[in-house]
Amino acid sequence: MHKIVPSLWFDTEAREAVNFYISLFADSKITWSTVIENTPSGTSEQFGFKLAGLDFVAISAGPLFKLNPAISLTVNCESSEEADALWGKLAEGGFPLMELGQYPFAERFGWIQDRFGLSWQLTYTADAGEITQKIQPSLMFINKQYGRAEEAINFYLDVFKNSETLALTRYPSGHPFEKEGTIMFSKQRFEDVQFLLNENSSNHAFDFNEAFSFTIYCDTQEEIDYYWYKLTAVPESEVCGWLKDRFDVSWQIVPRELDEMLLTEDKAAKDRVVATFMKMKKLDIAALRQAFKG
């Protein structure tokens, strides 16, 4: 399991969406699943899965949050034909945000929102070099976050100590829409996951929200405390290990062993754990262990 894991929120269709996604890529599979009862959304079905080797989590947790293009998944395709084939599958019930075609920055590129609401950027460039991570979470800084992408990059590089900037391109002077010096494209590695960050000045009817969050798996309480106090910036968003940072990006700070607790066949133990963390903001490993043991 990766240190940082993209986490997707669905209403009731997580199972259908996950099965669809793993059909699209090699090295993809469901790694675990569980059902959690008595949540604020009722019964929640949860999945761990891999897409092209990258770990993900998905939950069916009601209609509280909807996926939108503020955070998308960029797929580094190995050929134009691969981009075309993926586009054809994602287009079934979806709609394009940028039509698939040739652009100045890519021989083949298209941006599409699938029928489950998740957005994908498909890209192919012959001289792009070796693909080291096929699917990359892509954050677009827009609306009130516009102009803050570089601040976010530096902030996350400080939070995640095992990190580096792999590429960064700024908008030049004279650009018809964007401010000079803002981030056109950047690629960072935060721990063991590559991220893309950019910004766009257009008025958008969406922003970062909880539907696309990032789970940080921690091995100790000290680690949980570190990430919690480094990242949290919106007190009203703090619930069950969830928080929002100063850029309104959502994170879940969880002990790695929580998944094992929720996968137990001992229903009473699992129910105790759920009832315990539902009362928490920052998660307490000792209290969760106590609840699990009963």
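As a basis for the values below, the full set of heavy atoms in this structure was taken, side chains included, without hydrogen atoms, waters or symmetry mates.
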Review point. If you draw a 6.0 Å radius around CG in N162, do more than 12 non-hydrogen atoms from other residues or ligands fall strictly inside?
Key: yes
Review point. Does K161 NZ have over 12 foreign heavy atoms under 6.0 Å away?
Key: yes
Practice item. Following the transitive rule for hydrophobic clusters with a side-chain heavy-atom cut-off under 4.5 Å over Ile, Leu, Val, Met, Phe, Trp and Tyr, establish whether F56 and I4 coincide in one cluster. Key: yes
Point to revise | Short side-chain to backbone donor-acceptor contact, N209 and K66, under 3.5 Å | key: yes
Check your understanding: Would you find a donor on one side and an acceptor on the other, under 3.5 Å apart, between the side chain of S186 and the backbone of L197?
Key -> yes
Check your understanding: Just wondering, more than 12 heavy atoms not from K179 lying within 6.0 Å of its NZ?
Key -> no
Study note, to complete from the structure: Rounded to the nearest 0.5 Å, the OG1 atom of T43 sits from the CD atom of E37 at a distance of 5.0 Å
Check your understanding: Should K134 and E82 count as an ion pair when the cut-off is N to O under 4.0 Å?
Key -> yes
Exercise for review: Output yes when a side-chain donor or acceptor of T34 lies under 3.5 Å from a complementary backbone atom of L262, and no otherwise.
Suggested key: yes
Point to revise | Donor on one side chain, acceptor on other, N200 and S202, under 3.5 Å | key: yes
Check your understanding: Do other residues, nucleotides or ligands put more than 12 heavy atoms under 6.0 Å from E130 CD?
Key -> no
**Study point:** For R246 against R148, the heavy-atom pair lying closest together
**Key:** O-NH1, 3.2 Å
Revision key, fill the gap. Rounded to the nearest 0.5 Å, the CZ atom of F95 sits from the CD atom of Q113 at a distance of 4.0 Å
Revision key, fill the gap. Residues at least two apart in sequence or cross-chain that pass ring pair (Phe, Tyr, Trp, His ring centres under 6.0 Å) with Y124, listed by chain then number, are none
**Study point:** Shortest non-hydrogen contact between N198 and A149, atoms and distance
**Key:** O-CB, 4.4 Å
Check your understanding: Within a strict 4.5 Å, meaning less than it, do heavy atoms of the P172 and M184 side chains meet?
Key -> yes
Practice item. Look at the side chain of T125 and the backbone N and O of A106, then say whether any donor-acceptor pair between them is shorter than 3.5 Å. Key: no
Point to revise | Identified ring pair (Phe, Tyr, Trp, His ring centres under 6.0 Å) partner of Y156 from the options Y227, W251, F195 | key: W251
Check your understanding: Linking I/L/V/M/F/W/Y whenever their side-chain heavy atoms sit closer than 4.5 Å, directly or via other members, would I22 and L86 fall into one cluster?
Key -> yes
Point to revise | Exercise: do S23 and K89 side chains pair donor with acceptor under 3.5 Å | key: no
Practice item. Find the distance between CG (D259) and OH (Y217) and round it off to the nearest 0.5 Å. Key: 4.0 Å
**Study point:** Residue pair T74 / S138, side-chain donor-acceptor N/O under 3.5 Å
**Key:** yes
Practice item. With rounding to the nearest 0.5 Å, note down the distance linking OH in Y21 to CG in L8. Key: 7.0 Å
Practice item. State yes or no: do F109 and W120 share one hydrophobic cluster built from I, L, V, M, F, W and Y residues joined by side-chain heavy-atom distances below 4.5 Å, directly or via other members? Key: no
Exercise for review: Go through the steps for K244 and E236 under the test salt bridge (Lys or Arg N to Asp or Glu O under 4.0 Å), then give the verdict.
Suggested key: CA-CA 9 Å; K244 281 189 177 183; E236 57 269 27; over 6 Å; no
Review point. What distance separates S250 OG from F208 CZ, expressed to the nearest 0.5 Å?
Key: 10.0 Å
Review point. Between atom CG of D284 and atom OG1 of T276, what is the distance when rounded to the nearest 0.5 Å?
Key: 10.0 Å
Check your understanding: Does the pair E13/R115 count as a salt bridge with the N-to-O cut at 4.0 Å?
Key -> no
Check your understanding: Is it true that D207 and K144 make a salt bridge, defined as a side-chain N closer than 4.0 Å to a carboxylate O?
Key -> no
Review point. Do the side-chain N and O atoms of E45 and S60 include a donor-acceptor pair separated by under 3.5 angstrom?
Key: no
**Study point:** Side chain N76, main chain Q133, donor-acceptor under 3.5 Å
**Key:** yes
Study note, to complete from the structure: Between R272 and F292 the two heavy atoms that sit nearest each other are NH2-O, 2.9 Å
Review point. Are the side chain of E199 and the backbone N or O of I183 linked by a donor-acceptor pair below 3.5 Å?
Key: yes
Check your understanding: Is the backbone of C218 close enough, under 3.5 Å, to the side chain of E223 for a donor and an acceptor to pair up by distance?
Key -> no
Practice item. Using the rule that two of Ile, Leu, Val, Met, Phe, Trp, Tyr join whenever any of their side-chain heavy atoms come within less than 4.5 Å, decide whether I71 and F206 are in one cluster. Key: no
Review point. Is it true that F20 and L73 fall in one hydrophobic cluster, defined by side-chain heavy atoms closer than 4.5 Å?
Key: yes
Point to revise | N-O pairing of K282 and D225 below 4.0 Å | key: yes
Review point. Hey, are T123 and Q121 close enough side-chain-wise for a donor-acceptor pair under 3.5 Å?
Key: no
Review point. Under 6.0 Å from the CD atom of E151, do we count more than 12 heavy atoms belonging to anything else shown?
Key: yes
Exercise for review: Decide whether E150 and N154 meet the rule of one side-chain donor and one side-chain acceptor closer than 3.5 Å.
Suggested key: no
